[in-house]
2 protein chains.
Amino acid sequence: MTDSTRAGKRERLAAAAARVLHEQGVEKTTLADIARAADVPVGNVYYYFKTKDQLIGAAIDTHGRELETLIHRLDRLPDPRDRLKALVGGWVGQSDVTARFGCPTGTLASELDKRDDGLDRAIATVMGALLDWMERQFAAMGRADARELAVALLAAYQGVSLLTNTFRDPALMRAEGRRLERWIDSLA
Amino acid sequence: MTDSTRAGKRERLAAAAARVLHEQGVEKTTLADIARAADVPVGNVYYYFKTKDQLIGAAIDTHGRELETLIHRLDRLPDPRDRLKALVGGWVGQSDVTARFGCPTGTLASELDKRDDGLDRAIATVMGALLDWMERQFAAMGRADARELAVALLAAYQGVSLLTNTFRDPALMRAEGRRLERWIDSLA
DNA sequence: GTCTATAAGTCGATAGAC
DNA sequence: GTCTATCGACTTATAGAC
């Protein structure tokens, strides 16, 4: 089998893992679940990943790259205020998925914290990259308290994602999105 | 064995479950872990609870009663604004525990959502009771948008709890607490 | 390189001794 | 009523056939 096919299966497994881990949670997801979603035989997973942890790590990397792609798209907007509001708009656009499964990054971070492996540091790095980007936008708006505002905005999203998921009500996310856009506009 | 001792063991199991489930997470916690924490023989757990789910349900009830006790204490304060700020102050006081294990209610809600049983509705009820109480405080302050403000405040706490836990940094919770107190004061 | 069969271990739950 | 011994199901991981 050629290297390209081999790489294809590896990537398929990582992408399927990212999706299934979000929907079912880390502990409830078996390697069989991921293998089925990726259309790869169960026992064959270990040819590509030595342990389940390594596969989870690959899923985190995949998720991190998707988040980077989103950030690069937002960077095309000239005004940092518009970039932040576009980010909020993207969250609101995902409110139905969030009501069912929660925020992909947040639920993963919450679950991985309870495990002994070092994977919680990997998801913290992904979340830290988003936080740093948000801080740069607030700084470009001339705010001296950019870091604190970035934490507040990301926390507002993570929190309303949890409530949206707990009460299974996408309207919570939509209302909070409107409130956050007004808040961004109100900042000097 | 008398009924009082039996009730004592039941309550000890439920209280130990609430504590261990918060620290280790639902899926990582075995019945042996809970039995050990409650100082009850492992197999004997099934005399008091028919299934693991029933024991988790009892832990949720215990947690809900603790939250009710807190709310009753806050209700003694005459000003609704002071009640909300005292609630925030309580969150900040728990920032070290939150950095290690996250918010007890939030992590439980996030984990139970991934399970098939109906326990996610039970924790949603607990969280809904807190949300309703917060709404009443904002309404007493004369706010027509009391519900939306209650969602925003609870979301801010849940979100910063997740960030505090992910980055293992209690200072995040303390800074957000100060910001939220200023925000409450700023409301008409 | 790819996949099947199975080993090894864990956990929830039960049967039955005391 | 209390507790021990153990069953049965499930999951990760490996050995080895093709």
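Keep in mind that this is a model prediction, so the values were computed, not measured. Here is the naming used below: chain letters follow the sequence lines, and residue numbers restart at 1 for every chain.
- Here the P atom of nucleotide D/dT12 and the CD1 atom of A/Ile34 are 8 Å apart, to the nearest Å.
- Residue-to-nucleotide proximity on DNA chain D shows that, of A/Gly43 and A/Thr30, the 5′-proximal contact is made by A/Thr30.
- A distance of 11.0 Å separates OH in B/Tyr157 from CG in A/Leu162, rounded to the nearest 0.5 Å.
- Distance B/Phe49 CZ to D/dC3 C1': 17 Å, rounded to the nearest Å.
- Of the side-chain N and O atoms in A/Lys28, none sit less than 4.0 angstrom from OP1 or OP2 of D/dT11.
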* Asked: Could you walk me through whether A/His63 and A/Thr105 pass the side chain to side chain donor-acceptor pair (under 3.5 Å) check?
  -> CA-CA 8 Å; A/His63 182 63; A/Thr105 320; 2.7 Å; yes

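- Distance from the side chain of A/Tyr47 is smallest to C/dG1 among C/dG12, D/dT11, C/dG1.
- Between A/Tyr46 atom OH and D/dT11 atom P there is a gap of 12 Å when expressed in whole angstrom units.
- In this entry the distance linking CG of A/Asp39 with C1' of C/dC3 reads 13 Å, nearest Å.
- Taking atom CD on B/Glu27 and atom P on C/dG12, their separation rounds to 10 Å, with Å as the unit.
- Side-chain proximity of B/Lys9 to C/dT2, D/dA13, D/dC3: nearest is D/dC3.
- Ion pair B/Asp113/A/Arg100 not flagged as a salt bridge, since none of the NZ, NE, NH1 or NH2 atoms sits closer than 4.0 Å to an Asp/Glu carboxylate oxygen.
- D/dC3 atom C1' lies 6 Å from atom CG of B/Asn44, rounded to whole Å.
- Rounded to a whole Å, the NZ atom of A/Lys52 is 8 Å from the P atom of D/dA13.
- Summarising the geometry, the separation between NZ on B/Lys50 and P on C/dA15 is reported as 14 Å, rounded to the nearest angstrom.
- OP1 or OP2 of C/dT2 sits under 4.0 Å from a side-chain N or O of A/Tyr48.
- Looking at B/Arg36 and B/Asp33, a side-chain N of the basic residue comes within less than 4.0 Å of a carboxylate O on the acidic one, giving a salt bridge.
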